[in-house]
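Numbered from 1 within each chain, the chains take letters A, B, ... in sequence-line order.
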Amino acid sequence: MSEKYKEYKGLNLVDIEKNIQNYWKQEQTFEQSMKIREGNKPFIFFEGPPSANGKPGIHHVMARTIKDIFCRYKSLKGYYVSRKAGWDTHGLPVELGVEKQLGITKEDIGTKISVEDYNKACRESVMQFKDLWDKLTEQMGYWVDLNDPYITFTNEYIESVWWLLGEIYNKGLLYKGYTIQPYSPAAGTGLSSHELNMPGCYRDVKDTTCVAQFKICNKQTKENEILNRLGKDIEKAYFLAWTTTPWTLPSNTALAVGDKIDYCCVESFNPYTADSIIVILAKNLLYTHFKKETENADFSAYNKGDKDIPWKLLFECKGKELVGIDYEQLIPWIRPQESEGEAFKVISGDYVTTEDGTGIVHIAPTFGADDARVAKLSNIAPLHLVDKNGKQQPMVDKSGKFFLMEDLDEEYVNKYIDKDLYKKYEGRFVKNAYDTTLTEKDATLDVDLSVELKMENKAFKIEKHTHSYPHCWRTDKPVLYYPLDSWFIRTTEIKDKLISLNKTINWKPQATGTGRFGNWLENLVDWNLSRSRFWGTPLPIWRTEDGKEEIFINSVQKLSEQIDKSIQAGFMKDNPYKTDDYNAFDLHRPYIDKVILVSESGKPMKRESDLIDVWFDSGAMPFAQRHYPFECTTEELKAKYFPADFIAEGVDQTRGWFFTLHAIATMVMGDVSYKNVVSNGLVLDKQGNKMSKRLGNGVDPFEMMNKYGADATRWYMISNSQPWDNLKFDPEGIDEIRRKFFGTLYNTYSFFALYANIDAFAYKEQEIEYNKRPEIDRWILSLLNTLIKDVDNDLNDYEPTRAARRISNFVCEDLSNWYVRLCRRRFWKGEYTEDKISAYQTLYRCLEIVSQLGSSFAPFFMDEMYRNLNNVSHRHEFASVHLTEFPQYNDNEIDKDLEARMNLAQKICSLVLSLRKRHNLKVRQPLAKIMIPCDATTKAHIEKVKNLILSEVNVKEIEYLDLHNNVLSKTIKANFKTLGPKYGKIMKSLAAKIVAFTQEEIAELETSGSYSLDIDGTAVVLELNDVEIATKDIEGWVVANEGQLTVALDVTITDALRKEAVSRELVNRIQNIRKDNDFEVTDNIIVKIENDELLAAAVEMYRDYICGETLTKELTLVDTIANPTTKIDIIECKELAIEITKA
RNA sequence: AGUCGCGUAGCUCAGUUGGUUAGAGCACUACACUGAUAAUGUAGGGGUCGGCAGUUCAAGUCUGCCCGCGACUACCA
C-alpha cells in the first residue's frame, strides 16, 4: 500500500477547518448527508428565525451549536433531518433601526417620508447582515439549508399567517378590545412589552403617594349591615385607599376589596386636620397606620399636631360585607357618564392583597389594567370624557396632560364637568417629565392634589415612596398606562388545553417547562396582537365605519374576489391582487391600505390599521415556512413537517417563540408544536456580566473562531457548563480545550500515524478475535463500548454536556494517558506480530469511534481525523464521518470486571510511584518487589494485570500477603451507613470507640466475625460489615495506602539492580543524543564510551538490551575518546565522554 | 415588587437515596520522566461548600429566613 496516514507538523485547527470547509463545499457533503437518508423516518427540527438586521454575537454560536449537535446526531442515527433556515424580517427592532438610520421619528412616517419608501427601506435593511450571518453559519459548521430559507416578509409567508389567524378568527378567538397599555406620551406611541423589557427601562423613582379618605355616603341605595352598625357615625366614616399615582384620583370610579380579607372599623383623628373620623381598612394593615401603643388612649387628651394619635377598634367584618357600599366622589371635577355604568361603589377585586397600602384599592378604570378588568366585571363606569369628534377619551390626552375643556365636546362639558373646579387643573401634565417647561424641582401634580386633599380632610397619609417604574427607552421618560384600541387573541379561553399539552413536552431543563413556562401559562392573559406600526404583517380585517360589519381575509384569492366585488360596487377601480404571480403584488402597507371592500349591506369597509405582533410571525413558521395550506396539504404537513421533534433557543424565548409556537399550534391544530425543547442560558462575559453594547463587553464570534477554531469554540461552550446554565465566556477556556482535548487527541492520532505508516498498517488484516487480544486492549475496548452506549444515551436525553465530557475524559485519561502510554512499546518494538496488529486495530478503532461520537460536537476536526484514517483503510464506504452511521456498542465487549481490575492497577501504580517519589527512587531504577495485603479475589484480579503494573513501575515481582498476617498493622473505622440507622443516638461515642480499637480487638472482630461492646449502657454487636478495616503499615517496609488498598515497596537496591539501572540510564542518554543529533528513528549507530568499572559491569550484563534498544551495532568502552559527542553523567559524581556515529 | 435559577479552591466545574478526611481540570510551586516531546507523571499549597437558623446520631446535600448575581414577570393600590 502506498497510501499513508496524514502526518502534521503541528496542530492548527483553523487550517484544518478551512480545508474541511472547502472539502464539504466541493463534495456537497451536507447535501449528500441529506440525500442518503431521504425517505428515512424524519426527525423534525424547526429553526428559530434570527433577524438579519443585527450582527451575530457569540451567544448565537452557543444556540446554534446545540441545534447542530442534535441534528447531526439524529442524522447519524439514520433519521432524515430537514433543516430549513429562516429569517425574521418584521417588527419594531427593524423599524427602529431604520428610523435611526434615516434620522426620523415615527411621526415623520407618512409626512416626511412616504410609507412606501419607508417600508422599502425596512425591506432592504432587514437583510443588511445576511452575508455576515451566512459566514457565521458556514464558519462554525452549522448545517442548515440556506438555499431555501423561509422569509417572513414574503407574500406566501404572510398569506399563511393570514390563514392561521383566520382559523383563530373562525373559532371566535379574535376580538377587538379597549385596554390599558403602556404608552409613551413623549414619543406619542404605544409600547410593546418587548420595548418595556429593554435593559434599563425599569428604574427606581420616588413618587408622592397618598392614602385618601373616601367618604361613605349617607344616602345609600341599598340596606347594608355595616352601615347599620355605623349608625349616626356614618357622617364621619371613610374608606382608606392608597395610591402611588394621586393624579389618577380624579378618575376614580370605584374601590375594590378582597372578599375574604378581614377589615376593621377604627375611630380616630385625621392627623392633618385633627377632625374626628372613622375609617375602614384591612385588619392586617391596622398597625402600619395606627400605633399599637396609642390604642384606646385618651381621646379627650388629643390635640391637633400631636404625634401620638389615640384610636379604638369599633368592629371587624369581611370584605364581602363591604361590597356594594356607596361613597362620595373624592374629587368631583367630572362625573362619569351614567350610560357607561355605575360609579363610586365598593366592588370585589380578586387581586386585592394586604401586602401594602390599606387593603382597599382605588380603581381608575382608564389607567390600570386590573382596574379596568374588575370594573367591567362589576359594571362600573370608567371616567370617560367626550372629545370634539365625539370620541370617548380618558381624562388625560395623548400628550400626557389633563384635557383642555376647549378640546372637548361643548355639550358634554356643560353636562358633566364642574368647570370652576376643573379650570384650575385643565391642561396640567400628569408627570413633570412630559412638560418641557417644568423640571424635577417643580411641584408635581401629585403633590398639589395631595395637599388639596389634606386641606379638605380627605388625605390620611402623604409620603414619598420609591418603586420601580418603566421608562420609554426612546425618550427616557416615564411610561403611562393608557387605554387604547387593540385586537386580541382570547388565549385565556384555551388556557387549559395549553397547560395540558405543555405537560407532554420534554423540557430541558425541566424546571423551565414546569416553572417559568408553566407559571406563565397559569397566569395567561389575552394576547395583544396589535401594533400601530408600518413594517409588518397587516391585520387582514376590514370593517365598516360603525364597526358593525367586518370581513376576515385569509387568502390572496379571497382578497382578490372581494376586491372584484368592491370594484362592482364602485369602491375600487382595479385589482392588483388578481394574479397567480406572487411577485407581482405586495401585501404590506401602504398597498394593502388602498383596498376598500364592500360589506354585505353595501357599505365601504376599511382595513383595521394595525399590524400584527411579529411574534405571531415567528410562531407561525411551522406552517408558513411550507406555505401551508396553499402549497402543502395537511397530510403532508403532519407526515413530514409537524410537530417538531426538537427545537432549541435561548431561555429568553420562553415567553417569546416557545410560547407563540405552542399557542398557535394548540389553537390551529390542537396539538403541541414541539416534543423536545432545549432552552439554553445566557452567554455572559468572563466576569459574569451580561454582554451588552453599552458595556462593550461583547465577544466577536469570528475573532474567536479565527483564533482558536470553531471546533474548540463549540467544544468549550458545550463542555464547560450545562447549556441551560449561564456560561461565563472566557477565551482562555477555549484555548485550554484546544490544548487539552484537541491537543491530546491530535497527539494520539499522530502517534498512531507515525508507527502505522512505518509498519504500513492499513487495517487489511483479519480482525483479531476479541478473546485473543491482550488484557489492555480488551480493557480500552470495554471502555470504548461503554462510551458509545453512554454518549448515545446522553444525546438521546438531550444532555450534550455530559456526552462531551465523557468523550474528553475517554480521550485524555483512558486512551492517551493510560492505553497509549502503556502500549507505546508494542507499536515501535519488534516484528509485525499478532500482538502488534491487535494494538493497531484497537487504537485505530478507538480513534475512528471517537471521530464518530465527537463529530456532532467538533464537525471539522473529527471529519479530518476520520478521513485520514479511512483514506488509508477504506473500512467505510463513506468519505465523510457525517455520512456514517452512529456506532453500535457491543455488550460482549463490555467487561466491568476488567475495568475494575485496571482501576486497581492504576491505583497500585500511583501508590508505587508516590513511594518512589518519597524515597527519591527514579523509575529507571528497577526494584525487587512490592507487597500487597489482600484477599483471594483481589489477588486474582491483580494477577491478571500484574505485568502492566510491573513494567509501569519498574519492579520485578508482586508478593501477596494474607490479610491476617501478623506483620500488618491495621486501622478500623465505623461504617456510618450501616451503624447510623441502628445506633443513631450513640453514634458519636460508638465511632470514637471503634477508631480506638487495639490491634488485638481488630483481630478478634476479624476472626470471630463479630464483637460485642457497651456504649453508654447500650449493648452493641458489631459485625464485619459494620466497620471498615484497612492495613496501615507493614513492619520494615515503606508503605502507602489509599482507601482499602495498601502497597509496600522493597527499596533495597542490590548490585544487580544497580547495574540494570545503569544500563537503563545509558539507553536513555544514547536515545537523547540520537534525538539531539537528529538521527532517524531507524538509523544504526556505533557507540564509544569512556571506561568505568560500574559501567563496564553493566554493559557486560546488559549489552544485548542496550544495543537492541538503541540500534547500536558496536558498543565499546575505551580509555580515551578523541572527539566525544558529549558527556554523560550516569554514574554518580562522574562524567563520562561518549561518541556516537552512524553505522 | 414577585417568581424561577445560580452561589463549592485564584478561575471553570463535578459532587449519587443525607454517611467517614468535599473532588477534577486550569493556574501556581517542587521533583521526576523523556523514540507521543509545543507532550507527560508524581507530590504540594490553596475551601467557614454565600450567611444565619432549624430538622437529624450525621447537612455541601433536606427546611426556613437573609445576602449577592442573573433571567423572567409586573405600574396589584
Residues that Tyr819(A) engages under ring-ring contact (aromatic ring centres under 6.0 Å, His included), provided they are two or more places apart: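 For Tyr819(A) there are no ring-ring contact (aromatic ring centres under 6.0 Å, His included) partners, ignoring immediate neighbours.
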Expressed in angstrom and rounded to an integer, what is the separation of [X] atom [atom1] from [N] atom [atom2]?
X         : N      : atom1 : atom2 : result
Gln510(A) : C4(B)  : CD    : P     : 15 Å
Asn817(A) : U40(B) : CG    : C1'   : 7 Å
Asp735(A) : A38(B) : CG    : C1'   : 12 Å

Salt bridge (Lys or Arg N to Asp or Glu O under 4.0 Å) partners for Lys836(A), two or more places apart: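 For Lys836(A) the salt bridge (Lys or Arg N to Asp or Glu O under 4.0 Å) partners, ignoring immediate neighbours, are Asp759(A).
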Rounded [atom1] spacing from [N] to [M] in Å:
N      : M      : atom1 : result
C4(B)  : C62(B) : P     : 15 Å
A53(B) : U17(B) : C1'   : 26 Å
A36(B) : G41(B) : C1'   : 14 Å
U61(B) : G50(B) : P     : 8 Å
C11(B) : A27(B) : P     : 16 Å
G47(B) : G51(B) : C1'   : 16 Å
G45(B) : A30(B) : C1'   : 11 Å

N or O in side chain of Arg821(A) less than 4.0 angstrom from U40(B) OP1/OP2: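 No, because none of the side-chain N or O atoms of Arg821(A) sits under 4.0 Å from OP1 or OP2 of U40(B).
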Full working for side-chain contact (heavy atoms from CB on, under 4.5 Å) between Leu449(A) and Leu249(A): CA-CA 9 Å; Leu449(A) 277 174; Leu249(A) 286 171; 5.6 Å; no
Spacing of Leu322(A) atom CG and Ser348(A) atom OG [to the nearest 0.5 Å]: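 The distance works out to 11.0 Å.
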Protein proximity profile, nucleotides 11-16 of chain B - base contact B, sugar-phosphate-only contact S, no contact -, cut-off 4.0 Å on heavy atoms: -SSS--
Centroid-centroid distance, Trp615(A) to Phe659(A), less than 6.0 Å: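 Ring-ring flag for Trp615(A)/Phe659(A): false, centres at least 6.0 Å apart.
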Phe752(A) ring center near Phe827(A) ring center (under 6.0 Å):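 For Phe752(A) and Phe827(A), the ring centres are not under 6.0 Å apart.
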Close N or O pairs between protein and nucleotides 30-33 of chain B (under 3.5 Å):
| unit_1 | atom_1 | unit_2 | atom_2 | d |
| --- | --- | --- | --- | --- |
| C31(B) | O2' | Lys917(A) | NZ | 3.4 |

Looking only at the side chain of [X] (C-beta and beyond, no hydrogens), which of the listed nucleotides [options] gets closest?
X         : options                : result
Phe976(A) : A36(B), G19(B), U40(B) : G19(B)
Arg739(A) : G25(B), C75(B), A27(B) : A27(B)
Asn747(A) : A36(B), G41(B), C75(B) : A36(B)

Identify whether any heavy atom of [X] sits under 4.0 Å from a base atom; if not, whether one sits that close to sugar-phosphate; answer base, sugar-phosphate or nothing.
X         : result
Tyr755(A) : sugar-phosphate
Ala369(A) : nothing
Phe367(A) : base
Thr209(A) : nothing

Residue whose closest nucleotide on RNA chain B lies nearer the 5' end, Leu815(A) versus Ala974(A):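 Nearer the 5' end of the strand: Ala974(A).
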Residue whose nearest RNA chain B nucleotide is more 5′ - Glu736(A) or Asp370(A):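 Checking each residue's closest nucleotide, the 5'-ward one belongs to Glu736(A).
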Quiz item: Ser816(A) side-chain donor-acceptor pair to A36(B) base, under 3.5 Å: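 Result: at least one qualifying N/O pair found.
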side-chain hydrogen bond (donor to acceptor under 3.5 Å, both in side chains) partners for Asn252(A), two or more places apart: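 Tyr327(A), His362(A).
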RNA chain B: stems of at least 3 consecutive Watson-Crick or G-U pairs whose donor-acceptor distances fall under 3.5 Å: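 RNA chain B stems, ordered by first number: B:1-7 with B:67-73, B:10-13 with B:23-26, B:28-32 with B:40-44, B:50-54 with B:62-66.
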Val257(A) vs Leu255(A) side-chain heavy atoms within contact, under 4.5 Å: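 Not in contact.
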